[in-house]
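In what follows, every chain begins at residue 1, and chains take the letters A, B, ... in the order their sequences are listed.
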There are 2 protein chains.
Amino acid sequence: MRHTKNPTQILSAYGMRHTGCRSQILEQFIYHDFALSHNYIESHIDSKYDRVTIYRNLKAFLDKGVIHKVLDDEGGIKYALCNDACTEHDHHHNHVHFKCEKCGKTICIDSLKIPEISLPANFEAKELNLLIQGTCDECT
Amino acid sequence: MRHTKNPTQILSAYGMRHTGCRSQILEQFIYHDFALSHNYIESHIDSKYDRVTIYRNLKAFLDKGVIHKVLDDEGGIKYALCNDACTEHDHHHNHVHFKCEKCGKTICIDSLKIPEISLPANFEAKELNLLIQGTCDECT
DNA sequence: GTAACTGCAAAATATTTGCATCCTT
DNA sequence: AAGGATGCAAATATTTTGCAGTTAC
């Protein structure tokens, strides 16, 4: 598990109100080391929380920089915890995400840096997002 | 414009039946040099073609290797023409896609090769998909 | 002629919005 | 107390499926 904080600490750190739903959503992210979809979260947390509330909280987490979107080859959106350095106004994401074609999990590989890439003239890059598909270490 | 073929040639090359809807969809791809969403296509081709037919033809094009999915930071799916070498059974996509945050267009940068990346032990890469976000040459 | 393609209707799924109520601070 | 969070209902958007009729080859 890469994340050492607990839900309460995360909510405090980002100045967000502490609610049951938010804690449970964060627990899912902390517990799992792969990216989660809204659908996955909905079916894994206490069902007393409304689907709409989950949507709104995911959006709030995105806004605050607590989580980030993870692209998927299927077009579905998944989410994962940001590293500690992300804030509402300072996202610096050079993500490498790996999607295993066997188990279907998408994980963040923080240790990998994306190499420098020289774009054509007059193109300016601000954010990089590399999705690698293949077979993960647990499935080889 | 990077693609020199016309709809008729493409359909023939991939062994697909020639229909009005397919030709019009392909015309959109040939005419534009950025990735198109289902929604964009639907609102830009002759309205006599049903939304469902467009879905089915996009799927058929995907299956045959005529087009490929383009990841979007918003999670929406877009599509773009494959290069000539793609077929139904042999996709070799090391895509670099650039999404301009100003004009919103996503273009394929075929000229860029993604550098070799060494994955952690026991990870096997089969496909790479790099999405770069920033400002394109027309918007700088 | 026949398999493939299309249109229409409808179902299934996904996401957003409005509003009244409740909870955190 | 006040603004934010929640639940519910409903609107909107997206994608899929079934089936009957039409078309490409």
Side-chain angles (χ1 to χ4, degrees), chain A residues 6-28 35-79 88 104, chain B residues 6-28 35-79 88 104:
Chain A
N6 60 43
T8 303
Q9 291 172 318
I10 293 173
L11 290 171
S12 296
Y14 287 89
M16 301 180 76
R17 291 198 174 179
H18 298 219
T19 68
C21 184
R22 288 180 176 175
S23 291
Q24 291 210 19
I25 293 175
L26 290 177
E27 261 177 29
Q28 290 297 314
L36 308 179
S37 64
H38 170 279
N39 197 43
Y40 183 95
I41 294 168
E42 187 190 349
S43 57
H44 282 76
I45 71 174
D46 194 324
S47 61
K48 80 179 175 188
Y49 293 109
D50 195 88
R51 165 179 299 164
V52 175
T53 302
I54 301 171
Y55 274 114
R56 286 194 270 228
N57 280 331
L58 286 174
K59 198 160 292 180
F61 288 148
L62 278 178
D63 288 345
K64 292 285 184 176
V66 181
I67 62 177
H68 62 271
K69 285 185 182 178
V70 176
L71 300 181
D72 191 275
D73 60 316
E74 309 296 339
I77 309 178
K78 295 181 177 178
Y79 308 89
E88 182 168 1
Chain B
N6 60 42
T8 302
Q9 291 172 317
I10 293 173
L11 290 172
S12 295
Y14 287 89
M16 301 180 75
R17 290 198 175 181
H18 298 220
T19 68
C21 184
R22 288 181 177 173
S23 291
Q24 291 209 18
I25 293 175
L26 289 177
E27 261 178 28
Q28 290 298 314
L36 307 179
S37 64
H38 170 279
N39 197 42
Y40 183 95
I41 294 168
E42 187 189 350
S43 57
H44 282 76
I45 71 173
D46 193 324
S47 61
K48 80 179 176 190
Y49 294 109
D50 195 87
R51 166 179 297 164
V52 175
T53 301
I54 301 171
Y55 273 115
R56 286 193 271 228
N57 280 331
L58 287 175
K59 198 159 293 178
F61 288 148
L62 278 178
D63 288 345
K64 292 285 184 179
V66 181
I67 62 177
H68 62 271
K69 285 185 182 177
V70 175
L71 299 181
D72 190 274
D73 59 317
E74 309 296 339
I77 309 178
K78 295 181 176 180
Y79 308 89
E88 183 168 3

Item checked: Short side-chain N/O contact to D:dG7 OP1/OP2 from A:Thr53, under 4.0 Å -> yes
Next item on the list: Take atom NZ of A:Lys48 and atom C1' of C:dC22, then tell me their distance rounded to the nearest Å.
Entry: 13 Å
Next item on the list: Report the residue (A:Met16 or B:Arg51) whose heavy-atom-nearest nucleotide on DNA chain C is the more 5′ of the two.
Entry: B:Arg51
Checklist line | N or O in side chain of B:Lys59 less than 4.0 angstrom from D:dT15 OP1/OP2 | finding: no
Notebook entry, point to check: Within this structure, what is the CG-to-C1' distance between A:Asp63 and D:dG4, rounded to whole angstrom?
Noted result: 14 Å
Next item on the list: Specify the separation, in whole Å, of atom CD1 of A:Ile77 and atom C1' of C:dA14.
Entry: 10 Å
Margin query: Using OP1 and OP2 only, check whether a side-chain N or O of B:Arg22 sits under 4.0 Å from C:dC5.
Written below: yes
Note to self: What I'd like to find out is whether the side chain of A:Pro7 reaches to under 4.5 Å of the side chain of A:Gln24, using heavy atoms alone.
What the structure shows: no
Next item on the list: Measure the distance from CG on B:Asp50 to P on D:dG21 and round it to the nearest whole Å.
Entry: 17 Å
Checklist line | Below 4.0 Å: OP1/OP2 of D:dT23 and any side-chain N or O of B:Arg17 | finding: no
Margin query: Whole angstroms only, please: what is the CD1-C1' distance between B:Ile54 and C:dC5?
Written below: 14 Å
Checklist line | Test applied, side-chain contact (heavy atoms from CB on, under 4.5 Å); reference residue, B:Tyr79; option that passes from B:Ile67, B:Leu36, B:Ile25 | finding: B:Ile67
Next item on the list: May I ask you to decide if B:Ile54's main-chain N or O and B:Glu42's side chain share a donor-acceptor pair within less than 3.5 Å?
Entry: no
Check: Whole Å only: how far is the CD1 atom of A:Ile41 from the C1' atom of C:dT15?
Finding: 15 Å
Check: If you check every side-chain atom of A:His18, which of C:dG7, C:dT25, C:dA14 has the closest atom?
Finding: C:dT25
Next item on the list: Tell me which nucleotide among C:dG7, C:dA14, D:dA5 gets nearest to the side chain of A:Thr19.
Entry: D:dA5
Margin query: With a 3.5 Å distance limit and no angle check, can you tell me whether A:Arg22 reaches the backbone of A:Asn57 through a side-chain donor-acceptor pair?
Written below: no
Checklist line | B:Tyr55 side chain, from C-beta outward: closest of C:dC8, C:dT25, D:dT16 | finding: D:dT16
Note to self: So, OP1 or OP2 of D:dT6: does either fall under 4.0 Å of a side-chain N or O from A:Asn57?
What the structure shows: yes
Next item on the list: Looking at every strand, decide which applies to A:Arg56 at a 4.0 Å heavy-atom threshold: base, sugar-phosphate, or nothing.
Entry: base
Next item on the list: Could you state the atom-to-atom distance from CD of A:Gln24 to C1' of D:dG7 in whole Å?
Entry: 16 Å
Checklist line | Nearest-Å distance for atom pair CG/P, residues A:Leu58 and D:dT6 | finding: 11 Å
Check: Could you state the interatomic distance from CG (A:Asp63) to CG (A:Leu58), rounded to the nearest 0.5 Å?
Finding: 11.0 Å
